[in-house]
Amino acid sequence: MTTSPIDTEVLLVGLGPVGAALANLLGRYGVRVLAIDKAGAIFDKPRAIALDNEALRILQLAGVRDGEFETIAIPEVQYRSPLFGRFARINSAGIIDGHPALVTFYQPELERLLRAKLAQYPDVETRLGVELESFVDDGRSVHAQLKDATGQLSEVRARYMVGTDGAHSLVRRALGLDFEGRSFQQDWLIVDAFDVPAPIDHVEFVCDPRRPTPRMVAPGGRQRWEFMLRPGEKPEQMERPESVRQLLAPWCDSQSIRIERTAVYRFHAREVKRFSKGRCFLAGDAAHITPPFAGQGLVAGLRDAANLAWKLAWVLRGQASQHILDSYDTERRPHARKIIKLALRLGALVMPQNRATAFAVHGLMSLLRLLPAGRALFEDLKVKPQNTFDEGLFWREPGHERLRAGAMLPQGWVRRATGESPLLSDDALGLGWALIGFGVDPSAGLPTDLLQRWQAAGGRVWQWCQRSQGLHLAAPEHRLEALDEALLPRKVPLGWVALVRPDRCILAEGPALHCEALLRRALQTLAPKPSTVSLNPRSAPHAA
């Protein structure tokens with residue numbers, strides 16, 4: 001039996017953490033969403049375990065407030081060798097953009113929180129125990145057939161479809177977008193346990209070629225171990241309780257702890273050729289799979305969600321041309337590839353093939369730590385690729401680079417001139433576009449019709465001032481007083497302006513004198529005439 005067709009703007013297939021975050025973002029933007037998941041309930045065991053400051057900032061953008069789910073801030077990540085002791089260290093003790101640089105978390109708790117938040121959006125409907133049977137993209141909309149647990153079929157017509165349905169994505173396979181890359185030949189046994197005596201407060205990788213073993217603390221009194229299986233060790237054999245406790249015996253009293261979960265995984269380093277096809281998009285593990293050695297698997301998926309959500313919203317609301325959706329693949333795929341390469345490099349440190357390789361690699365790292373530049377490469381997180389795009393929906397004007405267009409705007413603590421309590425700047429800026437003048441009112445002298453067009457495109461105007469600077473320069477509702485030095489005066493000088501996208505990526509920047517030309521170019525970029533606007537980041541800005 002087939003029910004009456006359902007009309008929606010976005011059909012979201014897969015409601016794991018990436019899908020749920022994307023649904024929340026779309027809900028906040030007022031997009032009509034039908035989100036489905038073939039599972040009837042959240043998988044109640046830990047899987048992903050690490051988030052960085054970028055992921056926490058994206059969750060903030062999705063409406064997650066500080067403290068709504070439990071995290072443990074990780075002060076450092078240690079790499080240890082039986083030959084050289086601690087040969088490398090990542091200093092993750094610090095706050096970046098208002099959030100800890102690295103935390104561990106309990107995935108089921110985050111998923112429950114994200115799904116619960118969807119109830120506040122009347123335009124977001126979730127259906128669990130429902131799977132995608134088939135779909136057709138006719139160039140104007142996506143027609144999909146769904147099946148619920150009873151076998152009942154339903155038809156959906158959506159303007160766009162997003163597959164966040166994991167590594168075995170049906171959406172990806174149906175689009176014919178095959179994974180490229182490779183799988184590691186080693187299997188790994190993951191063990192999550194409670195009641196571990198003398199728990200550690202950090203993450204450590206014991207890089208022993210005989211059996212590499214990452215170990216980390218997690219919320220709820222948990223600890224996790226990951227044991228690389230040796231040739232000849234069968235997964236079903238190693239998952240037996242007696243085998244697990246034998247592996248844990250060198251680390252703790254393995255008979256007294258409680259084992260929450262054991263699972264054997266084979267890690268992958270893969271990505272699709274492109275993240276979109278027609279009106280269909282892929283995000284998270286459906287688009288790319290990252291080995292766990294960098295703790296960036298879920299983080300990369302959340303970056304996808306933040307990048308794609310606002311673009312869909314602006315196109316669906318008629319505030320931007322459909323061409324901006326092309327920049328999703330242009331921006332996200334190269335960075336996802338960089339993260340995969342980072343994980344592969346770290347994997348080479350963690351699991352050397354033999355003692356000779358371990359001696360060479362770990363010995364070299366030990367020597368590099370003697371040099372300030374080599375030590376900073378790891379300790380200051382310089383080894384991690386910055387989330388800065390090489391090309392996409394932005395442009396750079398030669399000679400006018402302070403923040404760097406294509407990078408994320410730093411987040412700091414601010415206070416509105418209307419007297420409210422301090423808040424993080426992303427919350428103050430809201431969900432739309434921002435024209436920000438640093439120490440100046442960027443709207444001063446701009447034509448009224450240009451400002452009206454900016455507002456119609458979902459943009460607002462802000463004056464970001466130093467603390468106690470002359471706040472009389474702009475209307476109170478447009479003023480932000482900086483309470484730290486996230487931007488002023490270290491990043492930008494007084495008299496600078498920046499155009500910032502809803503995902504906090506910088507579209508363009510320059511001196512206030514160029515503000516009108518920048519704003520006209522931005523509006524043209526959102527709704528260009530055919531063949532008049534390039535996504536080439538190296539092209540100079542011009543007035544429409």
Side-chain angles (χ1 to χ4, degrees), residues 10-14 18-19 21-22 25-26 31 54 58 135 137 139 142 158-167 169-181 269-290 296-316 320-341 385-395 405-408 501-507 525-526 528 530-531 533-539:
V10 175
L11 173 61
L12 183 58
V13 182
V18 173
L22 178 57
L25 287 164
L26 292 171
V31 175
E54 291 181 53
I58 293 167
F135 65 89
D137 179 356
V142 178
R159 293 278 302 279
Y160 298 97
M161 181 171 71
V162 184
T164 52
D165 49 341
S169 171
L170 173 62
V171 176
R172 183 189 66 245
R173 297 198 305 271
L175 290 173
L177 297 175
D178 296 331
F179 268 141
E180 296 180 339
R270 296 179 174 180
E271 62 173 304
V272 292
K273 298 177 183 178
R274 49 182 169 158
F275 285 11
S276 63
K277 185 176 182 180
R279 290 180 169 265
C280 301
F281 300 84
L282 299 172
D285 284 355
H288 46 79
I289 307 178
T290 306
Q296 290 285 300
L298 176 54
V299 177
L302 292 173
R303 292 192 191 100
D304 296 342
N307 189 288
L308 180 60
W310 76 267
K311 295 173 182 176
L312 286 171
W314 258 251
V315 171
L316 287 165
S321 169
Q322 185 170 320
H323 89 288
I324 72 167
L325 296 173
D326 296 336
S327 66
Y328 171 62
D329 176 80
T330 303
E331 293 174 350
R332 281 298 308 134
R333 186 158 50 91
H335 187 264
R337 187 183 306 120
K338 290 178 183 178
I339 292 296
I340 291 173
K341 289 180 178 179
Q386 295 298 309
N387 191 16
T388 300
F389 306 131
D390 298 322
E391 56 181 326
L393 192 66
F394 61 92
W395 75 88
M408 299 298 122
R501 303 179 344 186
D503 62 351
R504 307 311 181 221
C505 176
I506 300 162
L507 178 77
T525 300
L526 283 177
S531 302
V533 173
S534 169
L535 294 184
N536 184 349
R538 289 168 288 277
S539 59

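Note that this is a predicted model, so its numbers are computed, not measured.
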> Grab the two heavy atoms, one from Thr164 and one from Gly14, that are nearest each other, plus how far apart they are.
OG1-O, 2.7 Å

> Could I get the full list of side chain to side chain contact (heavy atoms under 4.5 Å, CB included) partners for Ser276, not counting sequence neighbours?
Phe281, Asp329

> Applying side chain to side chain contact (heavy atoms under 4.5 Å, CB included), name anything that partners Leu25, two or more places apart in sequence or on another chain.
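Here the qualifying residues are Tyr29, Leu61, Ala62, Ala305, Ala309.
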
> Could you pull out all residues at least two apart from Arg332 that satisfy side chain to side chain donor-acceptor pair (under 3.5 Å)?
Asp304, His335

> Exactly one of Tyr160, Phe275, Phe135 should register a side-chain contact (heavy atoms from CB on, under 4.5 Å) with Cys280. Which one does?
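With Cys280 as partner, side-chain contact (heavy atoms from CB on, under 4.5 Å) holds for just one option, Phe135.
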
> Kindly write out the residues that satisfy salt bridge (charged side-chain N to carboxylate O under 4.0 Å, His left out) with Arg501, not counting sequence neighbours, or none if the list is empty.
Glu331, Asp503

> With sequence neighbours left out, what residues match Ile289 under side chain to side chain contact (heavy atoms under 4.5 Å, CB included)?
Ala167, Phe179, His268

> Considering non-hydrogen atoms only, spot the tightest contact between Arg172 and Gly166 and give its length.
NH1-O, 3.8 Å

> When rounded to the nearest 0.5 angstrom, what distance separates CG in Asp390 from OG1 in Thr330?
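Reported to 0.5 Å precision, the distance equals 11.0 Å.
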
> Do you know the tightest heavy-atom contact between Tyr328 and Leu282?
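It is OH-O, 2.7 Å.
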
> If you look at every heavy atom in Val272 and Arg333, which pair is closest and at what distance?
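Closest heavy-atom pair between Val272 and Arg333: O-CD, 3.5 Å.
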
> Could you work out, with salt bridge (charged side-chain N to carboxylate O under 4.0 Å, His left out) as the rule, every residue matching Glu54, not counting sequence neighbours?
Arg303, Lys384

> Could you check Val162 against Leu312 for side-chain contact (heavy atoms from CB on, under 4.5 Å), going step by step and ending with a plain yes or no?
CA-CA 10 Å; Val162 184; Leu312 286 171; 4.0 Å; yes

> What heavy-atom pair brings Val315 and Ser321 nearest, and what distance separates the two atoms?
CG2-O, 3.5 Å

> Not counting sequence neighbours, which residues clear side chain to side chain contact (heavy atoms under 4.5 Å, CB included) with Leu170? List them please.
Leu132, Asp165, Arg173

> Can you name the nearest heavy-atom pair linking Leu302 to Val18, along with the distance?
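Closest approach of Leu302 to Val18: N-CG2, 4.1 Å.
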
> Between atom CZ of Phe394 and atom SG of Cys505, what is the distance when rounded to the nearest 0.5 Å?
7.0 Å

> Hey, does the side chain of Lys338 reach the backbone of Pro385 with a donor-acceptor pair shorter than 3.5 angstrom?
no

